[in-house]
Amino acid sequence: MPLLPVLEGLHSAEAFDPAFLQAFLDRVRRLEVDPDGFRDSLRGRIVATVFEEPSTRTRLSFEAAAHRLGAGVITVADPKTSSRAKGESLRDSARIIGGYADLIVWRHPCDGASRLAAQAAAVPVVNAGDGRLGHPTQTLVDLYTLNQAWGGFEGRTVGILGDLAFGRTARSLLWGLTLLGARVVALPAPGLDWEAGFEDRVAERAGYRTVRVSHPMFRSWTGSEEARLLEPRGVRQGTLFGDGPPRLERLDALYLTRLQEERGAVAERGVYPGLRPWQLEDPLLADCLFLHPLPRRGELPESVDEDRRARYFEQARNGPVVRAALFLALLRPDSWQLPPLVSLPAGSPEPDLGPCPNPGCITRSEGIRAPWRVAGRRHRVFLCAYCDTRIPVEYVGCRSSRRVHPLHSPAVLQIRPENLRPYRSRDEALADGYVWGGG
Ligand code: NCD
């Protein structure tokens with residue numbers, strides 16, 4: 001199976017694992033208490049920041065982190081001033097910038113851009129937000145902020161509220177929280193939920209299950225009193241009396257997000273959920289920390305800023321130290337070793353399964369083939385290797401037995417990854433000489 005080059009850097013929160021996260025949060029703490037001990041750790045190195053979308057916190061906190069460690073910084077803050085405006089491909093730009101810097105921090109409007117840039121650049125690329133897909137370093141900031149307050153995640157319940165469909169911070173945070181053992185309540189604004197399959201993929205990886213819980217306040221946010229709670233499988237369920245899902249008694253944190261209008265998100269009937277002053281007195285939120293990646297709009301009123309539960313300015317303040325720790329992990333593994341990130345399969349371009357169905361995918365704007373990867377242990381799914389969108393594969397052949405089965409047949413789970421031969425239709429498989437294996 002032909003493979004693309006291994007991805008270096010950090011592209012997706014899916015690459016985190018519990019050991020990495022625990023060690024990482026610990027290291028950030030060390031850096032925070034002893035900044036002088038690391039002051040010159042990156043002297044002589046150059047970090048490039050390439051921001052093809054607006055940013056205040058993310059770019060400046062990466063740059064502040066680099067300066068604090070003694071690295072030089074080169075930057076493209078406005079893509080209109082770079083060759084990208086003349087139509088240069090992302091791959092060419094990445095290759096060239098990779099020749100000037102030791103690491104590139106890249107923000108891009110397309111899903112999967114960071115993975116593609118990483119394949120072209122000879123240096124690590126760090127995803128500073130790619131389309132609606134991910135923002136893994138924001139997740140590290142969010143987790144660090146919560147860990148400072150709690151000292152651990154088990155037994156904690158976090159609500160993620162708002163535009164889950166287009167919000168990259170929410171998507172990445174779901175990976176991070178579940179990998180650390182927190183329970184998560186998905187609170188999508190009406191019509192703005194995660195795409196089918198995403199939550200299942202995260203739950204399967206973390207060993208979680210989804211149950212339903214209820215609270216009257218949820219109705220003002222999502223339009224329904226019921227919500228999905230993702231929790232570790234081992235957790236003992238409370239006894240159920242009567243009908244309907246159990247009531248959720250408290251939230252330990254609420255992660256608010258804004259409507260991602262620039263990606264086409266629209267609030268149903270013009271109403272977008274947020275925190276309202278009357279909700280602050282409800283026992284559900286009695287000890288609930290309020291987080292927001294910022295910038296905020298009306299969902300988080302300024303009247304909450306002085307509330308003892310507000311943590312969003314602290315979150316923003318944690319940006320530089322968290323990103324400095326990441327620079328050290330990627331550029332000074334000699335002195336700053338951490339458990340490895342999980343490598344995401346870089347994908348296979350063969351066979352050509354047609355264009356990625358996601359119009360926001362980087363393969364569409366760059367006019368290249370969508371490489372695929374396979375995910376899922378209990379149900380195999382075929383995903384675009386750049387943007388994780390499900391590719392419509394309906395049949396799967398085994399290259400060694402030359403038999404083809406329907407995607408959901410148990411026989412498909414027995415096929416070794418290197419022998420998988422995905423097909424969009426059964427006829428294509430039969431035309432290739434595969435025999436029907438049933439299922
Ligand atoms: C977020 C982003 O860019 O995704 N901002 C940030 O990095 N702090 C969230 C947002 O823009 O809504």
Side-chain angles (χ1 to χ4, degrees), residues 10-14 49-66 75-79 104-114 125-146 158-177 187-189 192 194 198 253-267 272-275 289-301 305 310-324 326 360 362 387-388:
L10 175 59
H11 312 288
S12 166
E14 188 175 350
T49 55
V50 183
F51 276 67
E52 304 198 36
E53 277 191 341
S55 169
T56 305
R57 272 157 296 276
T58 306
R59 183 169 68 83
L60 295 183
S61 67
F62 268 115
E63 294 185 359
T75 189
V76 177
D78 177 1
I104 312 174
V105 178
W106 212 306
R107 170 169 286 190
H108 194 283
C110 291
D111 305 349
S114 143
V125 170
V126 172
N127 183 4
D130 59 339
R132 57 177 249 303
L133 190 62
H135 197 347
T137 68
Q138 179 66 48
T139 296
L140 294 174
V141 171
D142 303 338
L143 296 175
Y144 185 66
T145 307
L146 289 171
V158 182
I160 305 185
L161 173 64
D163 181 357
L164 307 189
F166 295 93
R168 57 194 174 198
T169 57
R171 197 177 293 269
S172 289
L173 185 61
L174 183 67
W175 285 109
L177 288 171
L187 298 166
L192 292 170
W194 283 306
F198 169 67
L254 181 65
Y255 194 84
L256 296 120
T257 59
R258 83 184 158 91
L259 181 70
Q260 302 284 309
E261 276 172 312
E262 72 272 41
R263 301 187 207 295
V266 180
Y272 187 74
L275 210 46
L289 305 180
F290 302 128
L291 279 82
H292 193 305
L294 303 177
R296 62 175 150 182
R297 305 279 294 272
E299 68 280 352
L300 180 54
D305 293 0
R311 287 292 186 283
Y312 32 95
F313 289 119
E314 191 175 320
Q315 212 181 334
R317 217 170 27 247
N318 285 333
V321 71
V322 168
R323 288 169 171 127
L326 184 67
I362 189 66
C387 77
D388 298 344

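Computed from a predicted structure; not experimentally measured. Every number for a ligand or one of its atoms is a count from 1 in the order of the listing.
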[Y] backbone acceptor or donor facing [X] side chain under 3.5 Å:
| X | Y | result |
| --- | --- | --- |
| Asn127 | His135 | no |
| Asp111 | Arg132 | yes |
| Thr75 | Thr49 | yes |

SB check Glu53 Arg263 (cutoff 4.0 Å): yes
Residues with a heavy atom under 4.0 Å from ligand 1, by chain and number, are Arg57, Thr58, Arg107, His135, Gln138, Arg168, Thr169, Arg258, Gln260, Pro293, Leu294, Pro295
Using distance alone, with no hydrogens and no angle criterion, decide if Glu314 and Asn318 have a side-chain donor and acceptor under 3.5 Å apart. no
Residues in salt bridge (Lys or Arg N to Asp or Glu O under 4.0 Å) contact with Arg107, at least two apart in sequence or another chain: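 For Arg107, no residue satisfies salt bridge (Lys or Arg N to Asp or Glu O under 4.0 Å) once neighbours in sequence are set aside.
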